[in-house]
Amino acid sequence: MSLRLVSAALLCVAVTVALAWAVLDRPLPEENLPDRVAAAMPESGVDHPVTAVLLNFRSYDTLLEIAVLLLAVVVALALREAQPDQPEAMGLDNPLLRAVMAWLLPLILIVAGFLLWAGSYQPGGAFQAGSVLAAAGVLLRLAGVTTAWLDNATLMRAGLALGLLTFLGVGLLVMIPGAPFLTYPLEYAGTLILVIELTLTLSIGLTLISLFRLTPPYADDPDEAREQAGKTP
Amino acid sequence: MSGALVFAWSGVLLFGLGLFGFIAHRHLLRRLLAFNIMGSGSFLVLVGLAQDGRGVDPVPHAMVITGIVVAVASTALALVVFRRWYRASGRTDLPEDT
Amino acid sequence: MIGLWSVPLLFALPLALGILSLLVTPAWRPRLIFVGLPLLTLASVDVLARLVLEGPRIYELGGWEAPLGINLVVDGLAVGMILMTTLVASLCALYARVYLRDYPASSSFFWPLLWLLWAGMNGIWLAEDIFNLYVGLEVMGLAAVGMVALRATPQALAAAMRYLLAALLGSLAYLLGVALLYATYGTLSMAGLQEAAAPNATTHVALALIILGLLLKTALFPLHAWLPPAHGGALTPVSALLSALVIKGSFYILMRIWLVLGPEVTPIFTAQLLGVLGAGAVFYGGWMAWRQHHLKQLVAYSTVAQIGYLFLFFPLVTGTGPEAARLAWDGTLMMLVAHALAKAALFLSAGNLILAVGSTQISHLVGISRFRPMSLFSFGLAGVSLMGLPPSGGFTGKWLLLHSAILSDQWWWLIVLFLGGLLSAAYIFKVFRMSFREGPQIDRSITPPLTLDVTALILASASILIGLTAHLPLFWLRLGSAFGAG
C-alpha cells in the first residue's frame with residue numbers, strides 16, 4: 001500500500017461520508033416542480049412528461065447535448081489515423097452472423113421506430129431509438145456487411161448534421177411571429193417535436209455509428225505499438 | 001429508511017468508489033471506467049432524491065438522459081484520445097511528471 | 001422584435017457554423033469566419049445597446065418561465081463577458097486563419113471546434129440555470145480538449161488526456177453538487193435558488209462539490225497541474241483562446257453561484273481559503289513562470305499566477321461592507337477582462353516570436369529586438385498589463401482590489417498584490433533581457449505575416465485602453481448585479 005493509495009482511500013471515505021450525511025440531512029424542497037410540469041403538460045404537445053421536459057420545457061439542454069455528441073465525432077475525425085479501413089478487415093468472417101443479421105436487422109429497425117413513437121406517451125424517445133439504430137450499425141459493421149451509403153463520407157456528415165440543423169432551424173423558425181427561441185406554437189408543438197425527434201434519432205444513431213467506425217481496430221499488440229513508437233517499456 | 005434514501009445512498013457509494021478508482025488507478029481505461037461509475041452514482045442520486053413522496057418528478061429523469069448522453073460523448077472522446085496516445089507512445093498511462 | 005433575435009443568435013449562430021464547417025470542404029472552413037465574425041459582432045453590440053438602453057432582462061427560452069423552463073440572463077456581467085469573447089475570439093480566429101496554413105492537418109478540424117467552443121462559452125455567459133451550465137461547461141470543455149489534441153503529437157495527446165481527465169472529474173463534482181441543490185430546493189434556476197437558499201448541511205456539501213469541481217476546471221493552485229502542458233503545448237491560437245477565455249468560464253460560474261447563494265450560506269472561512277489558494281497561485285505560478293526556458297510554458301505559468309488574483313474576489317466580497325464588496329467586484333472583473341486581452345496578446349505575440357526565431361526556447365530570442373520590434377512591442381504592452389503598471393487594465397484592476405482590501409481591513413492581500421506584480425515583472429523582463437541582448441546567435445529571422453502581428457497588437461493595445469476608459473465598462477458590468485447602485 002503506497003501513500004498515494006492510502007490518501008486516495010481516505011479522501012474517498014471522507015467524500016462518501018460527507019455525501020451520505022448531506023443526503024440524509026436534506027430538507028425537502030418548497031418549490032414543487034413536478035406540479036408545474038403537470039400543469040403545463042396540456043400545452044407541451046406530447047403526453048409523456050419526460051419527453052415534454054426534454055424536448056419542450058428544457059429543450060435548450062437537449063440542443064446543447066447534441067452539440068456535445070457532435071463534438072466527440074469532430075475530435076474522432078480530427079484524430080483519425082490514415083490506415084486501411086476496409087469493412088472486410090473488420091468484419092468477422094462468420095456466415096452464421098450474416099444469416100442472423102438478416103433476421104435481426106428488420107427487428108432492430110422496428111424496435112427503434114417503436115421506441116421513438118412510444119416516447120410521446122411512455123418512456124422512450126430519440127436517444128433510446130438512436131442507440132438502438134446505432135446497435136444495428138455496429139452489428140452490420142461487425143458482420144462485415146458493406147453499405148454504400150454508410151461508407152459515403154458526404155452522406156454520413158449530412159446525416160450527422162441533420163438533427164442539430166433541424167433543431168436549430170425549428171428553434172429559429174418559430175421566432176418569426178415574435179416568440180422567443182424554441183417556442184413551439186401550441187397547435188404545431190406535437191408535429192414539430194416529432195420532426196425534431198425523428199431527425200435527432202437518425203443523427204444520434206449515425207453519430208454513435210461513426211464514433212465506432214472512425215476507430216477501427218488495429219493490431220492491439222502493445223509490443224508492436226511500442227516498437228512503432230520506438231520505445232521500450 | 002425510505003426508498004429514496006436507498007437509491008441516493010447507493011449513488012453516493014458508487015460515486016465514492018468511482019472516485020477512488022479514478023485517483024488510485026494509472027491505467028487510463030480503468031480511470032475512464034471509474035469516471036463512468038462516478039457518473040452513474042451522480043445519476044442515481046439525482047433520480048433517487050427526486051422521489052420524496054410527491055410522485056415522480058420528470059425533470060431529474062430528463063436531466064439524467066442528458067447526463068448519460070454527455071457521459072457517452074465524453075467517454076467516446078476520451079477513448080479516441082487514448083487510442084491515439086497509446087499508438088503514439090505505447091503507454092496505457094500518463095507520464096508521471098508534468 | 002430584433003432584440004429577441006440577437007440573444008439566441010449568440011449561441012445558435014456558432015452552433016450552426018460549427019455544423020456547416022463540417023459539411024463544406026476544408027478550403028472553405030476558414031472562410032466561414034467572414035460570415036460568422038460580423039454577425040456575432042453585430043449581435044453582441046446589439047445586446048449591449050439594449051442592455052444600456054432598456055436595462056437587464058431575462059430571456060425565457062421556449063416561452064417557459066424559470067423553474068419550468070430554462071431562462072437566459074442578459075445582465076451587465078453576461079454582456080460584458082460576451083463582448084470580451086467576441087473581441088478575443090474574433091482576433092484569434094483571424095490570427096488562426098493565417099497561422100494554421102502551416103498546419104494543414106490540424107487546421108481542417110480547428111474550425112468546427114472553434115465554433116462549438118464559442119457556442120459553449122456564450123451559452124455559459126447567458127445561462128441562468130445551474131444544470132444548463134453543466135451542459136454548457138461540457139460543450140466548452142470538450143471543445144477545448146479537442147483543440148489541445150489537434151496537433152496529435154505525443155505531447156499534445158498526453159496534455160489533452162490530462163486536461164480531459166481533470167475536466168471530467170470537475171464536471172461530475174459540479175453535477176453532483178447540482179443534484180444535491182435540486183433535491184434541496186426543487187429548482188435549477190438561479191433566481192429560485194437565491195430566494196430559497198438557506199444554510200444547511202446539504203447546501204454546504206453541494207457548495208463544496210461545486211467549488212472543488214470548478215476549481216479543478218479553472219486550474220487554481222494546487223489543482224493546476226493540467227494547465228501548463230495543455231496551454232503551453234497547444235497551437236498558438238488555441239493557447240490564446242484557452243488561457244484568455246476558457247478558464248474564465250468556470251470561474252464565472254463559481255462567481256455567479258457564490259453571489260446567488262448569498263452571504264448567509266457562503267462561509268467566510270471558505271472565502272478566506274479561496275483567497276489563500278489564490279495567493280498560493282500568484283506566488284507559485286509567478287515563480288514557476290520565471291523558471292521556464294520554453295517561451296509558451298512561461299506564458300502558461302503566468303496564467304496559473306493570474307488566475308490567483310481573481311480568487312481574491314471571494315474574501316473581499318464575503319462579509320465585508322458594501323463599498324468594499326463593490327470595489328472587489330469591479331476590481332475582479334477588470335482583472336478578468338484585462339487578463340483575457342493581455343494573455344491572448346501575450347500568447348499570440350509569443351507565437352510570432354517563436355515563428356520568427358524558429359525555436360521555442362527563450363534563450364534563442366537573443367537579438368530578436370532588432371528584427372521583430374512589433375512582436376516584441378505587443379509582448380511588452382501585454383506584459384505591462386500583467387505586471388499591473390499604469391495605465392493598463394491590470395493596474396486599474398489591482399488598484400480597485402487594493403482599495404477593497406484596505407476598506408475591509410484585510411491588509412494581507414496587499415502583500416499578494418505587490419509581490420505578485422514583482423514576480424510578473426521578473427518573468428516578463430526575463431524575456432525582454434534576452435531579446436535585447438546582442439549576441440552572435442541571430443543572423444536571420446523569419447518575418448511572420450502582418451496579420452499575425454496586427455491581431456496581437458490590437459489585443460495588447462486593448463488591454464491598455466481598457467484601463468484608461470475603465471469607468472464605462474465597469475458601469476455596464478454592474479448593470480443588473482447586486483452592486484448596481486454604486
Side-chain angles (χ1 to χ4, degrees), chain A residues 15 18-19 21-34 36-37 39-40 43 53 56-68 70-79 81 154 157-158 160-162 164-165 167-169 171-172 174-175 178-184 229, chain C residues 1 4-5 7-9 11-12 15-16 18-20 22-23 59-64 67-70 106 108-110 112-113 116 119-120 123 129 131-132 135-136 138-139 142-143 145-146 149-150 152 154 157 176 180 182-187 192 196 198 200-202 204-206 208-209:
Chain A
V15 169
L19 282 172
W21 176 50
V23 165
L24 188 67
D25 205 38
R26 169 185 69 125
L28 284 183
E30 283 168 26
E31 171 68 58
N32 196 338
L33 202 49
R36 286 186 196 252
V37 173
E43 299 166 55
V53 173
N56 200 338
F57 306 141
R58 298 182 65 88
S59 51
Y60 176 50
D61 274 348
T62 309
L63 181 78
L64 289 184
E65 155 205 321
I66 303 301
V68 174
L70 194 72
L71 261 171
V73 181
V74 174
V75 176
L77 280 168
L79 293 184
E81 287 173 284
T154 319
R157 288 195 191 179
L160 287 176
L162 182 69
L164 197 49
L165 274 182
F167 209 152
L168 275 176
L172 290 172
V174 295
M175 288 175 70
F181 188 64
L182 283 171
T183 310
Y184 314 129
Chain C
M1 264 297 281
L4 280 170
W5 286 88
V7 174
L9 269 186
F11 57 83
L15 273 181
I19 310 164
L20 285 179
L22 270 182
L23 297 179
Y59 188 95
E60 292 170 354
L61 283 167
W64 304 107
L68 181 63
I70 300 174
S106 310
S108 72
F109 292 101
F110 170 83
L113 289 174
L116 292 172
D129 181 291
F131 183 75
N132 183 243
V135 189
E138 292 290 36
V139 175
L142 295 184
V145 169
L150 268 184
L157 292 167
L176 194 56
L180 290 180
Y182 180 73
T184 314
Y185 300 110
T187 178
N200 54 49
T202 318
H204 281 134
V205 173
L209 281 168

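No experiment lies behind these values; they were computed from the predicted model shown. First the proteins, then the strands, lettered A, B, ... as listed; each starts at 1.
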Rounded to the nearest 0.5 Å, what separates atom [atom1] in [X] from atom [atom2] in [Y]?
X         : Y         : atom1 : atom2 : value
Met175(A) : Leu9(C)   : CE    : CG    : 7.0 Å
Leu61(C)  : Asn56(A)  : CG    : CG    : 11.5 Å
Leu19(A)  : Leu176(C) : CG    : CG    : 5.5 Å
Ile19(C)  : Leu164(A) : CD1   : CG    : 3.5 Å
Leu71(A)  : Leu142(C) : CG    : CG    : 6.0 Å
Tyr185(C) : Glu31(A)  : OH    : CD    : 13.5 Å

Among the options [options], pick out the one with the most heavy-atom pairs lying under 4.5 Å from chain A.
options                                   : result
Ala198(C), Ala12(C), Gly136(C), Ala206(C) : Ala12(C)
Leu150(C), Leu20(C), Leu180(C), Asp129(C) : Asp129(C)
Pro112(C), Pro67(C), Gly69(C), Ser106(C)  : Pro67(C)
Leu23(C), Asn132(C), Val205(C), Val139(C) : Asn132(C)

Could I get the full list of side-chain hydrogen bond (donor to acceptor under 3.5 Å, both in side chains) partners for Asn200(C), not counting sequence neighbours?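 Listed in chain order: Thr203(C).
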Over all atoms of both residues, closest heavy-atom pair of [X] and [Y]:
X        : Y         : answer
Ala16(C) : Leu168(A) : N-CD1, 3.6 Å
Glu65(A) : Val135(C) : N-CG1, 3.8 Å
Val75(A) : Gly146(C) : CG2-CA, 3.7 Å
Ala40(A) : Trp64(C)  : CB-CZ3, 4.0 Å
Pro29(A) : Gly186(C) : CB-N, 3.3 Å

Using non-hydrogen atoms and a 4.5 Å limit, figure out which bit of Leu64(A) sits close to chain C: side chain, backbone, both or neither. both
By a 4.5 Å heavy-atom criterion (distance strictly below it), what part of Leu172(A) contacts chain C: side chain, backbone, both, or neither? both
Determine the interplanar angle of the Tyr60(A) and Phe11(C) rings, folded into 0 to 90°, and report it as parallel if under 30°, tilted if 30 to 60°, perpendicular if over 60°.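 The arrangement is tilted - the two ring planes meet at 30° to 60°.
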Any side-chain heavy-atom pair of Phe181(A) and Trp5(C) under 4.5 Å: no
Would you check if the side chain of Thr184(C) reaches a backbone N or O of Pro27(A) as a donor-acceptor pair within less than 3.5 Å?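 Side chain of Thr184(C) to backbone of Pro27(A), a donor-acceptor pair under 3.5 Å: no, none is there.
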For the pair Arg26(A) (side chain) and Ala183(C) (backbone), establish whether a donor and an acceptor sit closer than 3.5 Å, ignoring hydrogens and angles. yes
Checking [X] against chain A: side chain, backbone, both or neither under 4.5 Å from a heavy atom?
X         : answer
Leu22(C)  : both
Leu116(C) : side chain
Ala149(C) : both

Does Phe109(C) have any ring pair (Phe, Tyr, Trp, His ring centres under 6.0 Å) partners at least two apart in sequence or in another chain, and if so, which?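 Result, ring pair (Phe, Tyr, Trp, His ring centres under 6.0 Å) vs Phe109(C): none returned.
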Can you tell which of [options] has the highest number of heavy-atom pairs within less than 4.5 Å of chain C?
options                                  : value
Leu24(A), Asp25(A), Val23(A)             : Asp25(A)
Val68(A), Val174(A), Asp61(A), Leu165(A) : Asp61(A)
Val37(A), Leu70(A), Val74(A), Thr154(A)  : Val74(A)
Leu77(A), Leu79(A), Leu182(A)            : Leu77(A)

Give the intermediate values and the outcome of side chain to side chain contact (heavy atoms under 4.5 Å, CB included) for residues Thr187(C) and Leu33(A). CA-CA 7 Å; Thr187(C) 178; Leu33(A) 202 49; 5.9 Å; no
